[in-house]
Amino acid sequence: MKLKQKINQYISDALANAAINVEQVNVVEAGKPEFGDYQFNGIMPLAKKLRRNPREIAAEVAEQIDTGGVIRKAEVAGPGFINLWLDDIWLGEETGRILSDPRIGVEKKPDPVKVVIDYSGPNMAKQMHVGHLRSTIIGDTLSNLLTFLGDEVIRQNHIGDWGTQFGMLIAYLEEIGEDTGSENLKDLEQFYKDAKGRFDEDAAFADKAREYVVKIQSGDPHCLVLWKRFIDISLGHCEEIYEKLNVSLAREDVRAESFYNEKLPKVVEALDKKGKLQMSEGAKCVFLEDEEIPVIIQKGDGGYLYATTDLAALWFRSEVLGAKRISYVVDARQAGHFKQVFRVARESGLVGEDVLLEHIAFGTMMDKGGRPFKTREGGTVKLADLLDEAVVRAKEAIKAKDAYDPAALENLARIVGIGAVKYADLSINRESNYIFDWEKMLSLEGNTSLYQQYAYARIMSIFRKYDGEIRGRIVIGNEIEHRLSLLLLRFDDLLERAAKDAAPHQITSYLYDVTTLFMRFYEQNPILKEEVGEETRQSRLALSALTANVIRQGLSILGIGVVERL
RNA sequence: GCACCCAUAGCUCAGCUGGAUAGAGCAUCGCCCUUCUAAGGCGAGGGUCUUAGGUUCGAAUCCUAAUGGGUGUACCA
């Protein structure tokens, strides 16, 4: 339910009835409970234009607000605010309605578009490390979110499978034999080091490696077989990580760098035709106005750079895939690169005017001391290790360890631990640097995934005890039920805004509000106690069930699971 | 040098695009389990929203400058 839109309509109608012209009405959620549920602040800016007293205008408008159904009361306050209270009967009906809706009242977009989301993008020459974490989980969350809202999301995993180091790796793979190689590849870091070692110590090997680069690029069948074998194994490692992370990137989402290889000359040609190319210091470049650094399209030696690949990918995504929104979930440090590439794509007509291009930038992952996240030795932290540690730590943190058999405990620890890692990351504004702190994310207090999971488990516990169908209406009986219902009804508005801003932290923030409010409701409003009347009991059960649905669905968008018991 | 980003409680962060007395969580100090899961709830203290100007009915939010921090800056991705 587009609640805000609905309220806006009421205000628009009232303004029209009061013969006041406003282009855009925008109510906001009231800052304090005593100001009601929503407030309209648009009168004050008007007053000046109309040379009238804002309170007077506000009173005239408030008079016109239909308080027969959705809105119970409209009140003028302060210098000219209009505070709005929603009607309890209406709230009860609406929450009851979305309880029986599998989509929890979240409407599908009337105008869905094709969206390409480019995320994760691991390098096939290296094992996935913490540097890939944020892109992977933020990108996956946005994909889930937009899919849920009805857009046609095309996930694109732009893996790095091309480049000079692959000649070396393939030469080494061939040298030690494919079967041994598959085994050794378990530790890509080591494999890379070993290959590099051979490259440095053995000139013949080095020559062979260079030869392989040329051969791969010219399409030599044998080398391509080896190369594909290497990518396959390496990608398999990534998929294990995705599996652990509960990230839904699959083989068919992979559109590797190499895929664009044959399209690169066409990009150059297209830019040249548009008269965008200029030779500079031997390289083919595009110079943009007000940019001191050109975008190099083709190097002096004929080779291509990643800007060219990105342009080819942009063309492919808009022209072939038909995307109207193309989102890159990439480290904020590449802002300059994307700004330039997007401009080149637009100015050259490679991508149409109607396509939204966005760089979904995120900050760097830091340690507790505010320095880039590294191992104690200063190396990069492998994602596999980090996730294993999360599960181990979660297992440690689970209070009633003894109540579970080992398999159940393992499963629980996985859901809690991985959820904690993801939630901690998703719950802060993606653009700022993010401080990774085990204690905080697994301290299990405050705005964490476990707090949500705990609330969910508590609700499940109520239903285990009740063991029956909900068969009554929702009847708002007090202030806290009023606020909880209203918050649950805002789910649609919230998701819409989070999607527009590509901001997962708005979802966690919302879920935290829901959970906190539910905890208060739970403490103050007995449900299954003897003294509670049947109508009230059914109403509270329904509100609890709806809260559980919102938590489960919200966490599901974040790629985080819930458990029945904790 | 130039460009971009950031600065809110001791710490980690919100603040819905300009609204009313700036909010949470940690941490600190109280209170609440014979009661649906206390991994919880209730309460207290804690702020010159980095600084100085400006815009206007109204600024943490917009504009300018300063300070401090981060990042990027032509043939790597």
Side-chain angles (χ1 to χ4, degrees), chain A residues 4 26 28-32 34-35 39 41-42 44-45 47-48 54 77-81 83 121 123 158 160 162-165 257 280-285 290-301 303-307 309-310 331-337 339 361 363-364 368 370 397-400 424 427-429 431-435 437 439-440 443-448 450-451 453-455 457-466 490 493-494 497-498 501 503 505-506 508-510 512-513 516 519-520 522-530 532 537 540-541 544 565-566:
Chain A
K4 196 177 257 191
N26 192 23
V28 297
E29 290 158 19
K32 289 173 194 294
E34 59 262 38
F35 298 154
Q39 58 184 76
N41 305 329
M44 277 97 68
K48 179 119 185 173
F81 299 101
N83 294 337
N123 191 314
H158 191 82
W162 209 242
T164 48
Q165 74 267 47
E257 268 184 303
S280 174
E281 297 176 30
K284 289 180 183 165
C285 303
D290 299 323
E291 292 277 346
E292 56 178 325
I293 296 150
V295 181
I296 299 180
I297 302 298
Q298 192 170 17
K299 298 197 283 185
D301 66 3
Y304 300 98
L305 287 102
Y306 74 137
T309 311
D310 278 337
D331 193 297
R333 283 174 289 201
Q334 300 208 26
H337 164 73
K339 194 178 158 207
T364 311
K368 240 176 131 174
I398 288 165
K399 214 175 156 193
S427 63
I428 66 142
N429 182 344
E431 296 197 56
S432 39
N433 287 341
Y434 154 53
I435 294 181
D437 180 352
E439 266 96 81
K440 199 184 157 198
S443 79
L444 322 178
E445 282 168 334
N447 188 10
T448 64
L450 193 85
Y451 183 74
Q453 287 164 335
Y454 175 61
R458 268 183 136 177
I459 297 171
M460 292 303 107
S461 170
I462 297 169
F463 283 99
R464 272 197 299 278
K465 188 155 282 188
Y466 171 67
R490 284 176 178 163
D493 283 346
L494 174 277
R497 187 164 71 91
D501 298 342
H505 86 278
Q506 291 177 7
T508 61
S509 188
Y510 169 81
Y512 185 56
D513 286 345
T516 311
M519 289 291 197
R520 293 174 59 190
Y522 176 92
E523 300 273 341
Q524 293 171 29
N525 298 279
I527 300 170
L528 302 179
K529 301 290 158 56
E530 289 283 331
V532 180
R537 171 173 304 156
R540 290 180 180 167
L541 279 169
S544 301
R565 230 182 270 264
L566 200 58

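What you see below is based on every heavy atom in this structure, not just the backbone, and it leaves out hydrogens, waters and symmetry mates.
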* Per-pair stack call A/F81 and B/G19, 5.5 Å, 30° -> no
* To do: Could you please name the option among B/G41, B/A74, B/U37 that lies closest to any side-chain atom of A/E523?
  => B/G41
* Asked: From B/G41, B/U37, B/U71, pick the nucleotide closest to the side chain of A/R333?
  -> B/U71
* Asked: Is there a Watson-Crick or G-U wobble partner for B/A22 with both distances under 3.5 Å, and which nucleotide is it?
  -> none
* Asked: Does A/K339 have any salt bridge (charged side-chain N to carboxylate O under 4.0 Å, His left out) partners at least two apart in sequence or in another chain, and if so, which?
  -> A/E291
* Asked: A/L450 CG to B/G25 P: how many Å, rounded?
  -> 17 Å
* Using the P atom in both, what is the distance from B/U48 to B/U8, to the nearest Å? -> 12 Å
* Atom CG in A/L305, atom NE2 in A/H337: separation rounded to 0.5 Å? -> 10.0 Å
* Structure fact -> Whole-Å distance, A/D310 CG to B/C76 C1', equals 13 Å
* To do: For B/U50 and B/G15, measure between their P atoms and round to the nearest Å.
  => 15 Å
Any protein N or O atoms within reach of nucleotides 55-60 of chain B? Criterion: under 3.5 Å, listing atom names and distances.
| from | atom 1 | to | atom 2 | distance (Å) |
| --- | --- | --- | --- | --- |
| B/C57 | OP1 | A/K48 | NZ | 2.6 |
| B/C57 | OP2 | A/K48 | NZ | 2.8 |

* Under 4.0 Å between any heavy atoms, over every strand shown, what does A/A283 touch: base, sugar-phosphate, or nothing? Just pick one. => base
* Any strand: nucleotide that pairs with B/A65 via Watson-Crick or wobble, under 3.5 Å -> B/U51
* What's the shortest heavy-atom distance between A/R537 and A/V532, and which atoms? -> NH2-O, 3.5 Å
* To do: Look at the side chain of A/N83 and the base of B/A20, then say whether one donor and one acceptor between them are separated by less than 3.5 Å.
  => yes
* Structure fact -> To the nearest angstrom, the CG-P distance between A/D301 and B/A74 comes to 17 Å
* Which label fits B/C33, syn or anti, where anti is any glycosidic angle not within 90° of 0? -> syn
* What's the CD-C1' distance between A/Q165 and B/A77, to the nearest Å? -> 9 Å
* Asked: So what does A/A77 hit on the nucleic acid, given a heavy-atom distance under 4.0 Å: a base, only sugar-phosphate, or nothing?
  -> base
* Structure fact -> Its glycosidic angle compared against 90° from 0, B/U34 adopts the form anti
* To do: Between B/A52 and B/C11, how far apart are the C1' atoms? Round to whole Å, please.
  => 28 Å
* Asked: Where the side chain of A/E281 is defined as all heavy atoms beyond and including C-beta, which of B/G40, B/A74, B/A20 is the nearest nucleotide?
  -> B/A74
* Asked: What does A/T364 touch in the nucleic acid at a heavy-atom separation under 4.0 angstrom: a base, only the sugar-phosphate, or nothing?
  -> nothing
* Interatomic distance, A/E292 CD vs B/C2 P [rounded to whole Å] -> 10 Å
* Asked: With centres under 5.5 Å and planes under 30°, do A/Y522 and B/G40 count as stacked?
  -> no
* **Among B/A20, B/A77, B/A74, the nucleotide that comes nearest once only the side chain of A/Y306 is considered** => B/A77
* Using purine N1 to pyrimidine N3 plus N6-O4 or O6-N4 for Watson-Crick, or N1-O2 and O6-N3 for G-U wobble, each under 3.5 Å, what pairs with B/C36? -> none
* How long is the line joining CZ of A/F35 and C1' of B/U21, in whole Å? -> 8 Å
* To do: Give A/Q39 one of three labels, base, sugar-phosphate or nothing, depending on what nucleic acid heavy atoms sit under 4.0 Å from its own.
  => base
* Between B/U28 and B/G69, how far apart are the P atoms? Round to whole Å, please. => 32 Å
* Asked: Within the structure shown, what part of the strands sits under 4.0 Å from A/D290 by heavy-atom distance: base, sugar-phosphate, or nothing?
  -> nothing
* Rounded interatomic separation in angstrom, taking CG from A/D437 and P from B/G25 -> 18 Å
* So, for A/Y512 and A/Y451, is the gap between ring centers shorter than 6.0 Å? -> yes
* To do: With heavy atoms under 4.0 Å as the rule, sort A/E431 into base, sugar-phosphate or nothing.
  => nothing
* Atom CD1 of A/I428 and atom CG of A/N433: how far apart are they, to the nearest 0.5 Å? -> 8.0 Å
* What interatomic distance, in whole Å, is found between P of B/C6 and the corresponding atom of B/C16? -> 14 Å
* So which nucleotide does B/A3 pair with, by the Watson-Crick or G-U wobble rule with both distances under 3.5 Å? -> B/U71
* Using both distances under 3.5 Å as the test, list the Watson-Crick or G-U wobble partner of B/G46, or none. => none
* Just call it for A/I527: base, sugar-phosphate, or nothing, with non-hydrogen atoms closer than 4.0 Å on any strand. => base
* Given atom CG of A/N41 and atom C1' of B/U61, what is their separation to the nearest angstrom? -> 14 Å
* Asked: Can a side chain N or O of A/Y454 be found less than 4.0 Å away from OP1 or OP2 on B/G41?
  -> no
* To do: Would you mind classifying the nucleic acid contact of A/G300 as base, sugar-phosphate or nothing, using non-hydrogen atoms under 4.0 angstrom?
  => base
* Could I get the full list of salt bridge (charged side-chain N to carboxylate O under 4.0 Å, His left out) partners for A/E439, not counting sequence neighbours? => A/K368, A/R393
* To do: Respond yes when some side-chain nitrogen or oxygen of A/K32 is under 4.0 Å from OP1 or OP2 of B/G23, and no when none is.
  => yes
* Determine the contact category for A/L494: base if any of its heavy atoms lies under 4.0 Å from a base atom, sugar-phosphate if only primed atoms, P, OP1 or OP2 are that close, otherwise nothing. => nothing
* Asked: More 5' along RNA chain B: A/K465 or A/A397, using each one's nearest nucleotide?
  -> A/K465
* Asked: Mind checking what makes salt bridge (charged side-chain N to carboxylate O under 4.0 Å, His left out) contact with A/D513, not counting sequence neighbours?
  -> none
Below 3.5 Å between N/O atoms, which protein atoms pair up with nucleotides 7-17 of chain B? Just atom names and distances, please.
| from | atom 1 | to | atom 2 | distance (Å) |
| --- | --- | --- | --- | --- |
| B/U12 | O2' | A/K440 | NZ | 2.4 |
| B/A14 | OP1 | A/N429 | N | 2.6 |
| B/G15 | OP1 | A/H505 | NE2 | 3.1 |
| B/C16 | O4' | A/R497 | NH1 | 3.3 |

* **Pairwise P distance, B/G54 and B/A60 [rounded to whole Å]** => 15 Å
Mind listing the N/O atom pairs, protein and nucleotides 42-44 of chain B, below 3.5 Å?
| from | atom 1 | to | atom 2 | distance (Å) |
| --- | --- | --- | --- | --- |
| B/C42 | OP1 | A/R520 | NE | 2.9 |

